[in-house]
Amino acid sequence: MSNAAVTAATASRAIDADKSALARLGAAFVGRLVIIVPYVWLLFFFLIPFVIVFKISLSQTAIAIPPYTPVLDFSDGISGFFAQLKQLSIDNYLWLTQDALYFNAYVTSVIIAAISTVLTLLVGYPIAYGMARAPAAIRPTLLMLVILPFWTSFLIRVYAWIGILKPEGLLNQLLLATGIISQPLIILNTYTAIFIGIVYSYLPFMVLPLYSALEKMDHSLIEAAKDLGCPPTSAFWKITFPLSLPGVIAGCLLVFIPAVGEFVIPDLLGGSQTLMIGKTLWNEFFANRDWPVSSAVAVILLLLLIVPIMLFQRAQARAQEQDR
Amino acid sequence: MIRKALWLSATSALLTLFAPGAQAQDRVVNVFNWSDYIDSSIIDDFTKETGIKVVYDTYDSNEILETKLLAGGSGYDVVVPTASPFLARQIQAGVYQKLDKSKLPNLTNMWSEVADRVAKFDPGNEYSVNYMWGTTGIGYNTKKVKEALGVDVIDSWDTVLKPENIAKLANCGVYFLDSPTDIIPTVLNYLGLKPDSTSPDDIAKATDLLLSIRPSIRKFHSSEYINALANGDICVAVGFSGDLFQARDRAAEANKGVEIAYAIPKEGAEMWFDQMAIPADAPHVAEAHEFINYMMKPEVIAKSTNYVFYANGNKASQPLVSKEILDDPGVYPDDAMLAKLFTVGPYDPKTQRLVTRSWTKVITGQ
């Protein structure tokens, strides 16, 4: 090869390298853009609202529009803005520690949500398992049936449970008619009714992630276990369940998180003695008209929910790294 | 399919969001009133007579209305808050504008008995005009109460505020209004104390009495008692007169043998007023005045009363109200009873907090 030819080849290689670097840059840009969309979404619909709520939680109540002070604005210039900023205080958070009511309400909510989540898992797992093992042709229909209740208003579905559970309701009439019980069961306005309501309402959120985890599973693993003499129960616990674990965790979070802040179900189905954080927040906001204290309750509730999720995600990221 | 449904619901949500703001050239008035609170033909008649289109929207609690008003920019022209504590406090917060009385000639029809009492919350009735008024009393299932207590009528708070009496009703079911600002004054009045007392000692006494009857109360709720009573699921409810009349009508319509009666107990009861008012930032002030003036016509408000079974604050309308309603002491009490009805002003924030906290103790035991 002559010197000239070598030079030309090097040059063309250099151009190729440039081109691919450009292409890579472009791809990276598009990739970044795709990532930016959810961040912008979170910024506008989570972070900014959160900052507003957090700011209100540091304010004091006032009889005015809006019913708290200070309202941050620049009408008095930058210095006025900073003077307003100085009026903010953490008094409302201190207030929350002074009355055991708030602590008890948080604890009750977490316990009710945890029990409901376990119950939903127990009911949802067999359903999801059955769906994933059903013939492929009818799976879309089954999936549709799980989603179908969403087409009716959530409120109406909860109201319908009043008609089923009340002392003269459908359930009691059925049980009395068949002679299983002789006295109507008191279910409405008890914790049992709340659990029934939550399990019923949130079941799809548990079934869908479980189904998608179970459906992906390679069934030949179970066959292999069977060939090697593993009984079906231990095959389930050693293979199926561990493989469905991401679905279990996703489903549990999807049920647990909204259940902690649930207001409608305990209000309609539960008794008045049920003290959940949703009701406490309602009282602060509507009965006391204390937007700052209710914002403080909401901020604490958010932290209570976000911290476990972040810990879980970190643990999962670490586990993935170890797998590699 | 699902995506299409989502899009549809998203678009309709957006449309509702902008609906109060979407005003064409024609005249519009945006009214925000309680649900089930008007004969809808009145709205059609108003549009026919004045050419003003009514955008009619409803709510079912004062709290919801108050939150919208306090947040500002609600877009409503006429709202109907309860005088105390809501309207009174909202006037202080600067939520409303003064009415232009020169545009309300029908004010001469109003009933001084009602207007004078409202003046306690809205001095000089400068910001509001009465729509309907009522009481907080006892609604009951006549047959079930007869079985449990052996009486035909309830005429005293003793029935629900004495532990030994209410215990006999516990099995057939007692609901109480979930509203400390209505129940605590009622209990204070029963105890012979000042209904509007803000003394912590008095409130503690009322709380103790409520705690003593708490085991016999099945539920505290602000609206569920309408259905529960009408369906025969419970036998007694302490609640607002109008809601209890609704329960009575629904029970009669269902025709399942459930008969509901309402009593203003002889010890007296709380009286409440729902007032028409115009928000300070209302976009259609002139139309709002026309609407309010129209509602003060005797024949119009009488039509509304005949439909919703509430008493109104319009003296001139009384000859046009159906006799059955005008003679019902639960709706239009006689003068002796009127004298015993009391009103309670808004609490200061500290007392409000004490009352709410005491109430939480009563209903949750914590």
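Worth saying up front: this structure is predicted, and the values here are computed from it rather than measured. The chains referred to below are lettered A, B, ... by the order of the sequence lines, with proteins before strands, and numbering in each begins at 1.
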Is it true that atom [atom1] of [X] has more than 12 heavy atoms of other residues, nucleotides or ligands lying nearer than 6.0 Å?
{"X": "K361(B)", "atom1": "NZ", "value": "no"}
{"X": "I90(A)", "atom1": "CD1", "value": "no"}
{"X": "K120(B)", "atom1": "NZ", "value": "yes"}
{"X": "Q98(A)", "atom1": "CD", "value": "yes"}
{"X": "E126(B)", "atom1": "CD", "value": "yes"}
{"X": "D99(A)", "atom1": "CG", "value": "yes"}
{"X": "F263(A)", "atom1": "CZ", "value": "yes"}

### Task
Let me know if P167(A) has heavy atoms under 4.5 Å from chain B in its side chain, its backbone, both or neither.
side chain
### Task
Go through the atoms of F150(A) and report whether side chain, backbone, both or neither lie under 4.5 Å from a heavy atom of chain B.
neither
### Query
With a 4.5 angstrom heavy-atom cut-off, which part of Q352(B) approaches chain A: side chain, backbone, both or neither?
both
### Task
Please state whether the side chain, the backbone, both or neither of F176(B) comes within less than 4.5 Å of a heavy atom of chain A.
neither
### Pairs satisfying salt bridge (Lys or Arg N to Asp or Glu O under 4.0 Å), at least one member in residues 272-300 of chain A, at least two apart
K279(A)-D178(B), E284(A)-R353(B), R289(A)-E66(B), D290(A)-R353(B)
#### Entry: W359(B) vs N283(A) side-chain heavy atoms within contact, under 4.5 Å
no
### Close side-chain approach of N231(B) and E168(A), heavy atoms under 4.5 Å
no
### Query
Nearest heavy-atom pair of L70(B) and A64(A): which atoms, and what distance?
CD2-O, 3.6 Å
#### Entry: For A287(A) against T356(B), the heavy-atom pair lying closest together
CB-CG2, 4.0 Å
### Message
If we define contacts as heavy-atom pairs under 4.5 Å, which of T61(A), L188(A), L101(A), I186(A) has the most with chain B?
### Response
L101(A)
### Those residues that, when tested against D267(A), pass salt bridge (charged side-chain N to carboxylate O under 4.0 Å, His left out) (two or more places apart)
none
### Most chain A-contacting option - heavy-atom pairs closer than 4.5 Å, from A228(B), A93(B), G94(B)
A93(B)
Quick check for you: to the nearest 0.5 Å, what is the distance between [X] atom [atom1] and [Y] atom [atom2]?
{"X": "W291(A)", "Y": "T67(B)", "atom1": "CH2", "atom2": "OG1", "result": "6.0 Å"}
{"X": "T360(B)", "Y": "N288(A)", "atom1": "OG1", "atom2": "CG", "result": "8.0 Å"}
{"X": "I162(A)", "Y": "D233(B)", "atom1": "CD1", "atom2": "CG", "result": "9.5 Å"}

### Query
For chain B, which residues of residues 269-276 of chain A have at least one non-hydrogen atom nearer than 4.5 Å to it?
L269(A), G270(A), S272(A), Q273(A), L275(A)
### Query
Residues of residues 209-222 of chain B under 4.5 Å from chain A (heavy atom pairs)?
R214(B), R218(B), K219(B), F220(B), H221(B)
